[in-house]
Amino acid sequence: MSNNLLAGKVGIISGALNEESIAWKVALKAYEQGARFVLTNAPLAMRMGEINKLAEQCEALIIPADATSMEDLEKLFSGAQEHLGGKLDFVLHSIGMSANIRKGKHYGELNYEWFQKTLDVSALSFHKMLAVAEKQDAFNEWGSAVALSYIAAQRAFLDYTDMSQAKAVLESIARSYGQRLGKLKKVRVNTVSQSPTKTTAGTGISGFNAFYEYADKLSPLGNAPAEACADYCISLFSDLTRYVTMQNLMHDGGFSTTGISEEIVDAITQYGETKA
């Protein structure tokens with residue numbers, strides 16, 4: 001249902017790969033709420049995904065960009081403003097990649113060149129986006145930039161390896177650039193720490209299904225689905241959250257503040273009885 005929360009607003013949405021992607025769902029919700037936007041992803045990801053289908057559904061232009069390339073980002077932001085007819089109201093950063101995870105490297109044997117690439121793609125790209133936006137004065141006042149994060153930025157999780165550091169850097173960038181852009185242009189910068197979600201990237205992590213079930217049992221509300229995360233992002237793009245900035249916002253059904261749940265106790269008890 002549309003409430004026209006984003007009527008008249010324009011922006012950039014990055015990272016939509018396929019229908020499982022949170023960015024894909026954000027794009028559909030933004031379109032439903034009256035926004036116009038440009039879609040972007042790396043050329044390789046575009047070849048692997050289905051972004052053309054999304055662009056058709058949302059009547060959106062696609063501007064390919066490698067988010068680690070300042071040249072590509074400058075073309076993206078200038079091209080988006082030209083196509084949309086003015087400055088931007090929102091930007092979604094939904095970008096993450098770890099070759100170490102993809103190739104099964106445990107934390108003690110990380111390939112450091114790949115680690116640096118993880119940081120560049122998954123975190124520094126957010127700084128680069130915001131730096132280009134600042135340089136081009138690309139945001140309208142009270143604009144909003146949102147990046148997707150994960151609780152592994154604060155806590156240790158098996159098999160998340162170098163992405164944990166990338167998410168920590170991502171959240172730090174949001175705070176630092178949130179302070180800067182808030183002063184310069186009243187632009188808000190936040191991260192959303194989402195529940196484990198069955199996206200292409202998420203399910204590529206070893207042991208993901210077991211952890212997904214664990215988080216679902218621990219969270220009082222259960223795991224937050226991708227559609228609900230998209231709704232949350234829309235609220236952060238809207239004027240309803242004008243004074244929310246420099247925050248890492250937990251969207252996880254209560255997982256981050258729950259010690260233990262009845263379901264977990266029952267599961268452990270049943271396991272103990274089975275062993276006995």
Side-chain angles (χ1 to χ4, degrees), residues 9-17 21-24 26-27 30 35-49 51-52 54-55 58 60-99 114 116-141 143-149 163 166-167 169-182 184-185 187-192 201 233 236-237 245:
K9 293 190 181 296
V10 299
I12 295 172
I13 295 176
S14 71
L17 182 68
S21 306
I22 293 173
W24 186 291
V26 172
R36 294 184 300 119
F37 47 85
V38 162
L39 295 168
T40 187
N41 214 330
L44 176 60
M46 288 179 60
R47 289 196 294 273
M48 292 170 55
I51 195 170
N52 289 322
L54 179 63
C58 297
L61 176 70
I62 302 170
I63 301 180
D66 175 351
T68 67
S69 164
M70 293 296 284
E71 182 180 355
D72 278 13
L73 291 174
E74 285 166 1
K75 290 177 182 177
L76 168 64
F77 275 82
S78 61
Q81 291 173 87
E82 181 180 354
H83 174 72
L84 296 168
K87 295 180 182 182
L88 307 174
D89 299 296
F90 62 88
V91 169
L92 177 72
H93 179 282
S94 181
I95 302 169
M97 184 282 297
S98 168
W114 296 351
Q116 289 174 336
K117 187 68 173 175
T118 297
L119 293 173
D120 199 13
V121 172
S122 308
L124 298 184
S125 58
F126 192 39
H127 190 285
K128 291 176 182 179
M129 279 186 170
L130 297 175
V132 169
E134 179 188 345
K135 178 182 175 183
Q136 295 187 6
D137 189 21
F139 275 114
N140 281 316
E141 283 200 347
S144 176
V146 174
L148 298 182
S149 190
M163 279 297 294
K167 293 302 187 184
V169 172
L170 181 76
E171 292 175 13
S172 181
I173 289 168
R175 288 188 291 272
S176 297
Y177 235 126
Q179 183 180 42
R180 180 173 180 81
L181 288 180
L184 288 172
K185 205 70 184 285
V187 171
R188 301 159 280 156
V189 185
N190 295 289
T191 53
V192 172
C233 291
L236 293 170
F237 294 158
T245 194

Tell me, do [X] and [Y] make a side-chain contact under 4.5 Å, heavy atoms counted?
X: Leu148; Y: Ile22; answer: yes
X: Phe37; Y: Cys58; answer: yes
X: Phe90; Y: Ile13; answer: yes
X: Ser122; Y: Met163; answer: yes
X: Leu39; Y: Leu54; answer: yes
X: Leu236; Y: Arg188; answer: no
X: Trp24; Y: Leu17; answer: no
X: Leu130; Y: Val189; answer: yes

Start with the C-alpha gap between Tyr177 and Val187, add the side-chain angles, then the distance that decides, and say whether side chain to side chain contact (heavy atoms under 4.5 Å, CB included) holds.
CA-CA 9 Å; Tyr177 235 126; Val187 171; over 6 Å; no
[atom2] on [Y] to [atom1] on [X], rounded to 0.5 Å:
X: Asn41; Y: Asp66; atom1: CG; atom2: CG; answer: 10.0 Å
X: Phe126; Y: Ser172; atom1: CZ; atom2: OG; answer: 11.5 Å
X: His83; Y: Ile63; atom1: NE2; atom2: CD1; answer: 7.5 Å
X: Leu124; Y: Gln116; atom1: CG; atom2: CD; answer: 10.0 Å
X: Thr68; Y: Leu119; atom1: OG1; atom2: CG; answer: 12.5 Å
X: Thr40; Y: Lys75; atom1: OG1; atom2: NZ; answer: 12.5 Å

State, to 0.1 Å, how close [X] and [Y] come at their nearest heavy-atom pair, and which atoms those are.
X: Ala80; Y: Leu88; value: CB-CD2, 4.4 Å
X: Ala67; Y: Ser125; value: O-CB, 3.3 Å
X: Thr118; Y: Ala166; value: CG2-CB, 4.0 Å
X: His93; Y: Val121; value: NE2-O, 4.3 Å
X: Ser14; Y: Leu92; value: OG-O, 2.7 Å
X: Glu74; Y: Val132; value: CA-CG1, 3.8 Å

Is there a side chain to side chain contact (heavy atoms under 4.5 Å, CB included) between Phe77 and Ile12 once you walk through the steps?
CA-CA 8 Å; Phe77 275 82; Ile12 295 172; 3.9 Å; yes
Between Lys87 and Glu141, does a side chain to side chain contact (heavy atoms under 4.5 Å, CB included) hold up when you go through it step by step?
CA-CA 9 Å; Lys87 295 180 182 182; Glu141 283 200 347; over 6 Å; no
My understanding is that only residues two or more places apart in sequence, or in another chain, count here; which of them pass side chain to side chain donor-acceptor pair (under 3.5 Å) with Asp72?
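If we apply the side chain to side chain donor-acceptor pair (under 3.5 Å) test to Asp72, skipping adjacent residues, there are no hits.
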Using side chain to side chain contact (heavy atoms under 4.5 Å, CB included), reason through Lys128 and Asp120 one step at a time and then give a plain yes or no.
CA-CA 9 Å; Lys128 291 176 182 179; Asp120 199 13; 2.9 Å; yes
Residue pair Glu171 / Thr191, side-chain donor-acceptor N/O under 3.5 Å:
no
Can Gln81 and Gln136 be counted as having a side-chain donor-acceptor contact under 3.5 angstrom?
yes
Trace of the salt bridge (Lys or Arg N to Asp or Glu O under 4.0 Å) decision for Arg180 with Glu134:
CA-CA 10 Å; Arg180 180 173 180 81; Glu134 179 188 345; 2.7 Å; yes
